[in-house]
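Everything quoted here is computed from the prediction, not taken from an experiment. Letters A, B, ... are given to chains in the order of the sequence lines, protein chains preceding strands, and every chain is numbered from 1.
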There are 2 protein chains.
Amino acid sequence: MTATVQETDSPSTVETVADAITAAVRGGRLVPGQRLTESEFTGRLGVSRSSVREAFRRLTADGLLAAEPHRGVTVRQLSRREVDNLFEVRGALEALAVQLALPALNAAPAPLLALQAELDAAAGAGEMNRFSELNGRFHRMFRLYAENPLLDETLTRLSNSLYWLQFRVLVDRAEVFETNRHHQLLTACITADDAAGADAAMREHVETARRLIQSLPDDHFAPAAHP
Amino acid sequence: MTATVQETDSPSTVETVADAITAAVRGGRLVPGQRLTESEFTGRLGVSRSSVREAFRRLTADGLLAAEPHRGVTVRQLSRREVDNLFEVRGALEALAVQLALPALNAAPAPLLALQAELDAAAGAGEMNRFSELNGRFHRMFRLYAENPLLDETLTRLSNSLYWLQFRVLVDRAEVFETNRHHQLLTACITADDAAGADAAMREHVETARRLIQSLPDDHFAPAAHP
DNA sequence: CTGATAATTTTGTCAGACAATCAATGAGAA
DNA sequence: TTCTCATTGATTGTCTGACAAAATTATCAG
């Protein structure tokens, strides 16, 4: 991942560039499918091509950009098939994270319960932005308590690829609040030390996210590669 | 992944470098933990630093090398903890691959059965190299039939990180032949369309691989980062 | 032998260059 | 007019050479 534990040292040039691009994507100034040229950034940021190229590669590895030989990079845009592929992997890994995190969370459920309370409040008040933010925190909590850096990185990569679609869902689909029932169920299973139930709840939650994303209109997806 | 479907076009320079390094690792000329300098390869292969640096990054993304700022890259060497982390992820993903591949393999089991027969023969004859090769084919078959490129890439990356340890196990541990019982069990579950059984068999198989690797002496592992 | 300092190596980044490839454009053919 | 194809322009892939910062190694005093 681009983000490491220690960020004390002055950020390197490529880190600066990578952060700028990430911010632009997060801020919607760069949209999925959009092409990024090297010159665009060498000029604006006053850095050399080497640094821009490396930043491109790093973000490609992070799942935020997609690279094609001789054609440069684009903000990653998934096809519907790729979304399905991604969610198959994500389901398995989020379920794993829950299993790994369960003992620790069951032993010290306070943070989870606090977060759940905030989720309930946001859902009740219909605050989408807040709910979105909290939803992210919810998932990250499992990754954190799972204490498996590789799992965390892998899930983060998947999450990066999904950023925009997830955002569209949060903005367009009021149904997202219904997913809070999954959160509640999951939280209940954790406190009850019910591993099987937690596994099922997380898989159901992920599957619902997949369905919501797939319900978005075609123009949010890349055309299928294979006819 | 470095390997793509189509390899028709003449290999680019960085591809050449990456392949050379991969071959050196596979051939044991570069051992885990060993440091690679850029000059080493610019000289020997007659290419520029740009290409070597990019090859390093690509192989790092592929899990074969590890990079540290200002310290260059080394052939990736896992700590025991990282091995455990990796196998947790691997178990979940190999199990997923089996689930996804099951329908197709159950419908057309001929290739699987043929491979199983070869495995049995190799195990019976005690041919380690052959068994190792077939074992790899066995796992790749599930990834292939799962028809999920992302899953395939992710598992390949994990496999790359494990290359050397897996190799040592194959060379040092006669117990590997016992794992063929898992193959047989798995094959049986596939042909019987027993999803739950296949899942359990694969997880058991992966867990055994983890135990075998962890049974290797300490000098095959990187020292733990955090005490 | 130990620790501090200097010399050497290596990486990170920059600048400029050129060929290969891709994208767009416009001319000619149907 | 519309389609096809060659020309043009932009962009990427790669090379060369350079330099400062950081890390590694060698050197030397205590």
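- In this model, the phosphate group of D:dT14 is not approached by any side-chain N or O of B:S50 to a distance below 4.0 Å at OP1 or OP2.
- Distances shown here put a side-chain N or O of A:S12 below 4.0 Å from the OP1 or OP2 atom of C:dT13.
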Listed pairs, N/O of protein and of nucleotides 16-18 of chain C, under 3.5 Å:
| unit_1 | atom_1 | unit_2 | atom_2 | d |
| --- | --- | --- | --- | --- |
| C:dA17 | N6 | A:R49 | NH1 | 3.0 |

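- For the pair B:F87 and B:L158, the minimum side-chain heavy-atom distance is 4.5 Å or more.
- In this structure, the side chains of B:T13 and B:E15 stay at 4.5 Å or more apart for every pair of heavy atoms.
- A:F56 places its CZ atom 14 Å from the C1' atom of D:dG13, with the value rounded to the nearest Å.
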Decide salt bridge (charged side-chain N to carboxylate O under 4.0 Å, His left out) for A:R203 and A:D199; before the verdict, give the C-alpha distance in whole Å, the side-chain angles of both, and the deciding distance to 0.1 Å. CA-CA 6 Å; A:R203 287 177 189 271; A:D199 180 276; 2.9 Å; yes
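- One interatomic measurement links the two molecules: CD of B:E68 to P of D:dA21, which rounds to 22 Å at whole-angstrom precision.
- One finds a side-chain N or O of A:R53 lying less than 4.0 angstrom from the OP1 or OP2 phosphate oxygen of D:dG13.
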For residues 27-36 of chain A, dump all side-chain donor-acceptor pairs below 3.5 Å to protein atoms at least two apart in sequence or in another chain.
| unit_1 | atom_1 | unit_2 | atom_2 | d |
| --- | --- | --- | --- | --- |
| A:Q34 | OE1 | A:V31 | N | 3.1 |
| A:R35 | NE | A:R71 | O | 3.4 |

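- Contact check, B:T13 against D:dT14: a side-chain N or O comes under 4.0 Å of OP1 or OP2.
- Ranked by how close their nearest DNA chain C nucleotide is to the 5' end, A:R71 and A:V14 are led by A:V14.
- A salt bridge does not link B:R210 to B:E88: none of the charged nitrogens lies less than 4.0 Å from a carboxylate oxygen.
- Cation-pi geometry between A:R53 and A:F56 is not met: the NZ or CZ atom fails to fall both under 6.0 Å from the ring centre and inside 45° of the normal.
- Side-chain contact check for B:R211 versus B:Q214: every heavy-atom pair is 4.5 Å or farther apart.
- Here the P atom of nucleotide D:dT14 and the CG atom of B:L45 are 13 Å apart, to the nearest Å.
- Residue A:H70 has its side chain nearest to D:dG13 when only C:dT13, D:dG13, D:dT14 are considered.
- Distance CZ (A:R57) to P (C:dG12): 12 Å, rounded to an integer number of Å.
- A salt bridge does not link B:R140 with B:D152: none of the charged nitrogens is closer than 4.0 Å to a carboxylate oxygen.
- For the pair A:R137 and A:E133, the salt-bridge criterion is met [side-chain N within less than 4.0 Å of a carboxylate O].
- Contact check of residues 35-42 of chain A against DNA chain D (heavy atom, cut-off under 4.0 Å) returns A:R35, A:L36, A:T37, A:E38.
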